[in-house]
Amino acid sequence: MKHLAVETFINRRQKLMDSLPNQALLLVPSATLVTRSRDTEHPFRQDSDFWYLTGFNEPDAFLVLMKGNPQGEQLLFSQPKDKLMETWTGVRLGQDAAVIQLGFDQAFTFAEIDDQLPKLLNQASEVWMPIEDEALYSRYLVWRQRARAMFKKQANLPSRVVDLSQQLSEMRLIKAPEEIELMKEAARISAEAHCRAMQVCRPGMYEYQLEAELEHEFKMQAASGPAYGSIVGSGENACVLHYVENKDVMQAGDLVLIDAGAEYQGYAGDITRTFPVSGVFSLQQKQLYNLVLKANQLAISLTRPGVSLDELHQATVHCLVTGLVELELLKGDVEQLIKTEAYKDFYMHGTSHWLGLDVHDVGLYWQEGKPRLLEPGMVFTIEPGLYISPDQQGIDPLWQGIGIRIEDDVLVTETACEVLTAAVPKTIEGIEGLMKGESYAATRV
Ligand code: GLY
Ligand code: MN
Ligand code: MN
């Protein structure tokens, strides 16, 4: 299992503080457990910002950074050691070990936060926190009121609260080499799971059985599980973009669309492949599939520093619309069909999103009214699709109910890009070969 070194997290905290004024106070809460049903909780998933800065996976914790604080700049509040509670819910790191193992200057119990924060607030020049977190903002106001009551005429509270999210998003958007290693592992596991699904798929199986195959592979390879709800949609279910019921039996002659990715050390893989349930594409399926593949490969070929995601999307749309006109699924002039957005009946989503600790990762897409330009270290998806809904009017029934998406994860390099998900086939020959049982390695290029 790959892990990031403790120094990585310490350096991230330091780098964040370096970008802020002296005496800036930063507040980042952990995630909390969420009840699933009486006495049971959803599996715990740490808040991505908190994880990025601490590598600490417990709930009920709080990261506090105070630049220039003589008592220590990097502080952690976390659950106390408690023999009885630990018997029920697992070992807690505790405060002593947090200082040693996580590299904090000081660690306090979570209960101490209401005493410590008013004191820190009274020395702070400004406060940086995720300001859209209403619960945190309410607590901040309580700490302020407490500080005012505590310090009375000596009260000297910060006059400015600044949104930390944007500062952190910019850091998270550019992936460091050690993060790229983890993202490659998330992509590798995700790709193997997709190969497994292709290999075991048979008519008569249920969609949830393919979901189980995918998630088996994720867990067997040390991923924590799926990075988002796995989508396994056969036949017309593939036209429902976020179909997660995965309840139907898969029929010979239909395609099945799988959009699933593993989460590894917090980082998401995000792959979509579409393949024939019985292992062989029909003529219509082939025509539409090759069009989506062409758009996917075109966008990949255009990816390099200095290009924007908006340009990639426009090129993708142009490619898809041209193909739809050739197949007579759309009629008219390509430029006009793009202008009037007539193609949105068939392609209604974006081509890309940032990828990282969140599957739809943080980072601005537009800056100063212009699409942001790609830089080395950015990771994002390329995921064109075509969806011919069964309700679509005026379409030859041969096409109705076909949904296709092909999604890869790409890393921007100095000169172009690296496709992190190339290990799962996407050409018709590659997919049909793997499903026929051709040698695994030969078809995974
Ligand atoms: N799996 C979610 C997405 O592709 O955006
Ligand atoms: Mn995606
Ligand atoms: Mn996806």
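Whatever order the structure lists them in is the order used to number ligands and atoms, beginning at 1. Residue numbers count from 1 along this sequence.
Looking only at its N/O/S atoms, Asp270 has OD2 as the one nearest to the Mn ion (ligand 2). Nearest N/O/S atom of Glu407 with respect to the Mn ion (ligand 2) is recorded as OE2.
Remark: ligand 1 atoms within the under-4.0 Å shell around heavy atoms of Glu407 are 4 (O). Proximity to Tyr228 (heavy-atom distance under 4.0 Å) selects the following atoms of ligand 1: 1 (N). Residue-ligand proximity, His360 to ligand 1, at heavy-atom distances under 4.0 Å covers atoms 2 (C), 3 (C), 5 (O).
Taking a cutoff of 4.0 Å between a charged side-chain nitrogen and a carboxylate oxygen, Glu418 and Lys184 qualify as a salt bridge. Between Glu170 and Arg372 a salt bridge is recorded (basic side-chain N to carboxylate O distance below 4.0 Å). Between Arg139 and Asp133, none of the side-chain N atoms (NZ, or NE/NH1/NH2) sits under 4.0 Å from a carboxylate O, so this pair counts as no salt bridge. Here Arg188 pairs with Glu192 in a salt bridge; the nearest charged N to carboxylate O distance falls below 4.0 Å.
Residue contact annotation: Glu383 places no N/O/S atom under 2.8 Å from the Mn ion (ligand 3). Residue His353 counts as close to the Mn ion (ligand 2), with an N, O or S atom under 2.8 Å.
With Phe275 as the aromatic partner, Arg273 does not meet the cation-pi criteria of under 6.0 angstrom to the ring centre and within 45 degrees of the ring axis. Both the sub-6.0 Å distance and the 45° axial angle are satisfied by Arg13 relative to the ring of Phe104.
Ligand 1 lies less than 4.0 angstrom from a heavy atom belonging to Asp270.
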